[in-house]
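Start at 1 with the first residue, then count along the sequence.
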Amino acid sequence: MRSFCIFILLICVGGRAFSQHSDELANLKKLRVYQDSLIILGKKFVNDTDDLERKNANYRFIRTLVSALKVPHSFNYPFDSLKTVSILNSPDSRFRVFTWHIMNQDGSYRYFGTVQMNTGDKLLMYPLEDYTPFFKNSRDTVTDNRHWYGAQYYKIIRVAASKPYYALLGWKGNNIRSTKKVIEILSFDREDHPVLGMPVFNNKKDAKRIIFEYTRQASMLLRYVPEQNLIVFDHLSPPDDKMKDRPETYGPDLTYDGYSLQNGSWFFVENMDMRNIPQQVDDGFVDPKIQSRSDRKLLPQRKRN
């Protein structure tokens with residue numbers, strides 16, 4: 001009788017394991033199908049020459065992405081064949097961020113995204129709603145996911161401060177004249193809701209995020225050097241002093257500044273000697289219509305005027 005009970009137990013356990021394996025295969029098949037659809041829609045909202053068609057493809061893309069993320073354990077699916085969207089996993093696997101952009105007919109951009117939490121078989125996500133046109137002071141405002149300073153992120157850094165947070169480096173196509181790059185700060189409140197912006201930059205008393213603006217005809221280096229806990233970036237300057245009030249004319253002047261991480265805060269470092277920084281390719285996102293200088297090697301500093 002005991003042997004019979006053990007036999008029945010083994011059958012039940014084996015049956016559950018087989019059922020679980022079958023469910024995982026079915027979920028994987030669904031996610032692959034969804035990914036194929038997302039790839040097609042992504043190419044359309046990037047490449048289609050018709051403004052309305054791009055926007056319609058994007059709305060279908062959003063609905064398809066939500067359906068895909070509702071599949072149990074979708075957090076573990078990398079969507080690595082989806083090249084039109086930036087997908088960043090936090091270093092501690094707490095969440096991941098999807099971001100992408102749509103170009104408007106007038107050469108401006110709108111941004112879309114979502115934060116997916118790592119919750120196992122149930123979907124918990126926070127849509128990111130681009131609030132850029134309505135900001136009165138975008139550098140000094142703490143917001144939530146419904147009031148997002150839209151950008152397409154390409155790097156995420158976890159900072160183990162007294163209140164842990166994440167620094168996000170992002171590209172932000174702006175308009176026909178200028179491009180922006182952003183250092184955004186993401187944290188979570190007691191209810192685990194996203195909070196965007198935090199005063200962690202020591203040289204900017206009220207700054208909650210850092211925003212760079214420069215001419216669309218240029219590209220800008222903004223990257224993280226993990227060996228030195230350093231965010232390094234091009235120093236931007238106008239072509240002459242008469243244009244100091246026109247950031248859309250600014251460009252790199254072959255000198256470099258940075259933010260050094262110390263005790264949970266970012267300290268400004270001016271006129272850095274880049275010969276002391278490991279040379280890596282710039283992993284930043286650039287305007288698709290501007291040739292990337294991602295293979296540029298970092299140059300020695302040049303004395304500023």
**Student:** Apply salt bridge (Lys or Arg N to Asp or Glu O under 4.0 Å) to residues Arg32 and Asp36 and explain how you reach the verdict.
**Tutor:** CA-CA 6 Å; Arg32 286 172 176 165; Asp36 290 342; over 6 Å; no
**Student:** For residues Gly264 and Leu261, report the shortest heavy-atom separation together with the two atoms involved.
**Tutor:** C-CD1, 3.9 Å
**Student:** Is a donor from one side chain sitting under 3.5 angstrom from an acceptor on the other, for Thr99 and Gln152?
**Tutor:** no
**Student:** Between Phe45 and Trp100, does a side chain to side chain contact (heavy atoms under 4.5 Å, CB included) hold up when you go through it step by step?
**Tutor:** CA-CA 10 Å; Phe45 71 58; Trp100 66 96; 3.6 Å; yes
**Student:** What heavy-atom pair brings Asn145 and Pro127 nearest, and what distance separates the two atoms?
**Tutor:** ND2-O, 2.8 Å
**Student:** With a sphere of 6.0 Å drawn around CZ of Arg177, does it hold more than 12 non-hydrogen atoms of other residues, nucleotides or ligands?
**Tutor:** no
**Student:** Spell out, as yes or no, whether a donor-acceptor pair under 3.5 Å connects the side chain of Tyr126 to the backbone of Arg146.
**Tutor:** no
**Student:** Mind checking the CE-CG spacing from Met103 to Asn175? Nearest 0.5 Å is all I need.
**Tutor:** 11.0 Å
**Student:** Before giving the answer on salt bridge (Lys or Arg N to Asp or Glu O under 4.0 Å), spell out for Asp140 and Lys208 the whole-Å C-alpha distance, their side-chain angles and the decisive distance to 0.1 Å.
**Tutor:** CA-CA 5 Å; Asp140 302 339; Lys208 310 302 188 299; 5.5 Å; no
**Student:** Please test Phe98 against Leu69 for side chain to side chain contact (heavy atoms under 4.5 Å, CB included), starting from the C-alpha separation and ending with a verdict.
**Tutor:** CA-CA 11 Å; Phe98 295 74; Leu69 297 184; 4.0 Å; yes
**Student:** Checking the side chain of Lys83 only, and the main-chain atoms of Asp80 only, is there a donor and an acceptor separated by less than 3.5 Å?
**Tutor:** yes
**Student:** Would you please name every residue forming a salt bridge (Lys or Arg N to Asp or Glu O under 4.0 Å) with Asp144, sequence neighbours left out?
**Tutor:** none
**Student:** Please give me the minimum heavy-atom distance between Ala218 and Pro252, naming the atom from each residue.
**Tutor:** CB-CD, 4.0 Å
**Student:** Can you name the closest pair of heavy atoms from Lys43 and Thr84 and give their distance?
**Tutor:** N-CG2, 4.1 Å
**Student:** So, Lys44 side chain and Arg54 main chain: donor-acceptor pair closer than 3.5 Å or not?
**Tutor:** no
**Student:** Which pair of heavy atoms, one from Val97 and one from Leu128, lies closest together, and at what distance?
**Tutor:** CG1-CD1, 4.2 Å
**Student:** May I have the list of side-chain donor-acceptor pairs in residues 184-192 shorter than 3.5 Å, sequence neighbours left out?
**Tutor:**
unit_1 : atom_1 : unit_2 : atom_2 : d
Glu184 : OE1    : Arg209 : NE     : 2.9
Glu184 : OE2    : Gly197 : N      : 3.4
Glu184 : OE2    : Arg209 : NE     : 3.1
Glu184 : OE2    : Arg209 : NH2    : 3.4
Asp189 : OD1    : Glu191 : N      : 2.9
Asp189 : OD1    : Asp192 : N      : 3.0
Asp189 : OD1    : His193 : N      : 2.8
Asp192 : OD1    : Arg94  : NH2    : 2.4

**Student:** Who else is in the cluster with Tyr149 when I, L, V, M, F, W and Y are joined by side-chain contacts under 4.5 Å?
**Tutor:** Tyr131, Phe134, Phe135, Val182, Ile211
**Student:** Taking Met272 as the starting point, is it possible to reach Val225 by hopping between hydrophobic residues whose side chains are less than 4.5 Å apart?
**Tutor:** yes
**Student:** Return the CH2 to OG1 distance between Trp148 and Thr114, rounded to the nearest 0.5 Å.
**Tutor:** 9.5 Å
**Student:** Within the structure provided, determine whether Trp266 and Ser260 are in side-chain contact (heavy-atom separation under 4.5 Å).
**Tutor:** no
**Student:** Could you check if a side-chain atom of Arg216 sits within less than 4.5 angstrom of a side-chain atom of Ser178, using non-hydrogen atoms only?
**Tutor:** no
**Student:** Can you tell me if Gln105 has over 12 outside heavy atoms packed within less than 6.0 Å of its CD?
**Tutor:** no
**Student:** Can you confirm whether Ile157 sits close enough to Lys155 that some side-chain heavy atom of one is under 4.5 Å from a side-chain heavy atom of the other?
**Tutor:** yes
**Student:** Using modelled atom types only, decide if a donor and an acceptor are shared between the side chain of Asp234 and the backbone of Leu236 within a distance under 3.5 Å.
**Tutor:** no
**Student:** Might you confirm whether atom CG of Asp245 has over 12 heavy atoms from other residues, nucleotides or ligands at distances under 6.0 Å?
**Tutor:** no
**Student:** Find out whether Tyr109 and Asp130 are in side-chain contact, i.e. whether some heavy atom of one side chain is under 4.5 Å from a heavy atom of the other.
**Tutor:** no
**Student:** Applying the 4.5 Å side-chain criterion to the ILVMFWY set and letting contacts propagate, would Tyr34 and Phe61 be lumped into a single cluster?
**Tutor:** yes
**Student:** Transitively linked via ILVMFWY side-chain contacts under 4.5 Å: Val159 with Leu169?
**Tutor:** yes
**Student:** Is a donor from one side chain sitting under 3.5 angstrom from an acceptor on the other, for Tyr77 and Asn27?
**Tutor:** no
**Student:** Would you check if there is a donor-acceptor pair between the side chains of Lys244 and Ser237 at a distance under 3.5 Å?
**Tutor:** no
**Student:** Which of parallel (below 30°), tilted (30 to 60°) and perpendicular (above 60°) describes Tyr111 and His101?
**Tutor:** tilted
**Student:** Assign the ring pair Tyr259 / Phe233 to parallel, tilted or perpendicular, where the plane angle (0 to 90°) is split at 30° and 60°.
**Tutor:** tilted
**Student:** Working to the nearest 0.5 Å, report the span between CG of Leu31 and OG of Ser67.
**Tutor:** 11.0 Å
**Student:** Checking Thr249 against Thr215 for the side chain to side chain contact (heavy atoms under 4.5 Å, CB included) test, could you report, in this order, the C-alpha distance in whole Å, the side-chain angles of both residues, the deciding distance, and whether it holds?
**Tutor:** CA-CA 5 Å; Thr249 68; Thr215 177; 5.8 Å; no
**Student:** Could you grab the distance from atom CG of Asn47 to atom CG of Asp50, nearest 0.5 Å is fine?
**Tutor:** 13.5 Å
**Student:** To the nearest 0.5 angstrom, please state how far the CG atom of Asn76 sits from the CG atom of Leu28.
**Tutor:** 11.0 Å
**Student:** Return yes if a side-chain donor-acceptor contact under 3.5 Å exists between Glu248 and Tyr214, otherwise no.
**Tutor:** no
**Student:** To the nearest 0.5 Å, how far apart are OG1 in Thr132 and CG in Asn174?
**Tutor:** 8.5 Å
**Student:** Do Ile183 and Leu168 make a side-chain contact, defined as non-hydrogen atoms from C-beta onward lying under 4.5 Å apart?
**Tutor:** no
**Student:** Give the table of side-chain donor-acceptor pairs shorter than 3.5 Å for residues 115-122, with sequence neighbours excluded, one pair per line with atom names and distance.
**Tutor:**
unit_1 : atom_1 : unit_2 : atom_2 : d
Gln116 : OE1    : Arg96  : NE     : 2.8
Gln116 : OE1    : Arg96  : NH2    : 3.1
Gln116 : NE2    : Ser74  : OG     : 3.0
Asn118 : ND2    : Ser93  : O      : 3.0
Thr119 : OG1    : Lys122 : O      : 2.3

**Student:** Flag the pair Asn271 / Tyr256 as yes when at least one side-chain heavy-atom distance between them is below 4.5 Å, and no otherwise.
**Tutor:** no
**Student:** Flag the pair Val142 / Leu196 as yes when at least one side-chain heavy-atom distance between them is below 4.5 Å, and no otherwise.
**Tutor:** no
**Student:** Looking only at heavy atoms, which two atoms of Pro164 and Ser162 are closest? And how far apart?
**Tutor:** CD-O, 3.7 Å
**Student:** Do Ile40 and Tyr59 land in one hydrophobic cluster if side-chain heavy atoms of ILVMFWY residues count as linked below 4.5 Å?
**Tutor:** no
**Student:** Does any part of the side chain of Tyr166, heavy atoms only, come nearer than 4.5 Å to the side chain of Arg158, both counted from C-beta?
**Tutor:** yes
**Student:** Applying side chain to side chain contact (heavy atoms under 4.5 Å, CB included), run through Phe112 and Val85 and close with a yes or a no.
**Tutor:** CA-CA 10 Å; Phe112 298 85; Val85 173; over 6 Å; no
**Student:** Can you list, by chain and residue number, the hydrophobic cluster partners of Met243 when the side-chain cut-off is 4.5 Å?
**Tutor:** none
**Student:** Hydrophobic cluster membership, with links at side-chain heavy-atom distances under 4.5 Å among I/L/V/M/F/W/Y: are Leu123 and Ile62 in one?
**Tutor:** yes
**Student:** Please list, chain by chain and in numerical order, all residues satisfying side-chain contact (heavy atoms from CB on, under 4.5 Å) with Leu88, sequence neighbours excluded.
**Tutor:** Tyr153, Ile156
**Student:** Distance alone, cut at 3.5 Å: any donor-acceptor contact between the side chains of Ser108 and Asn104?
**Tutor:** yes
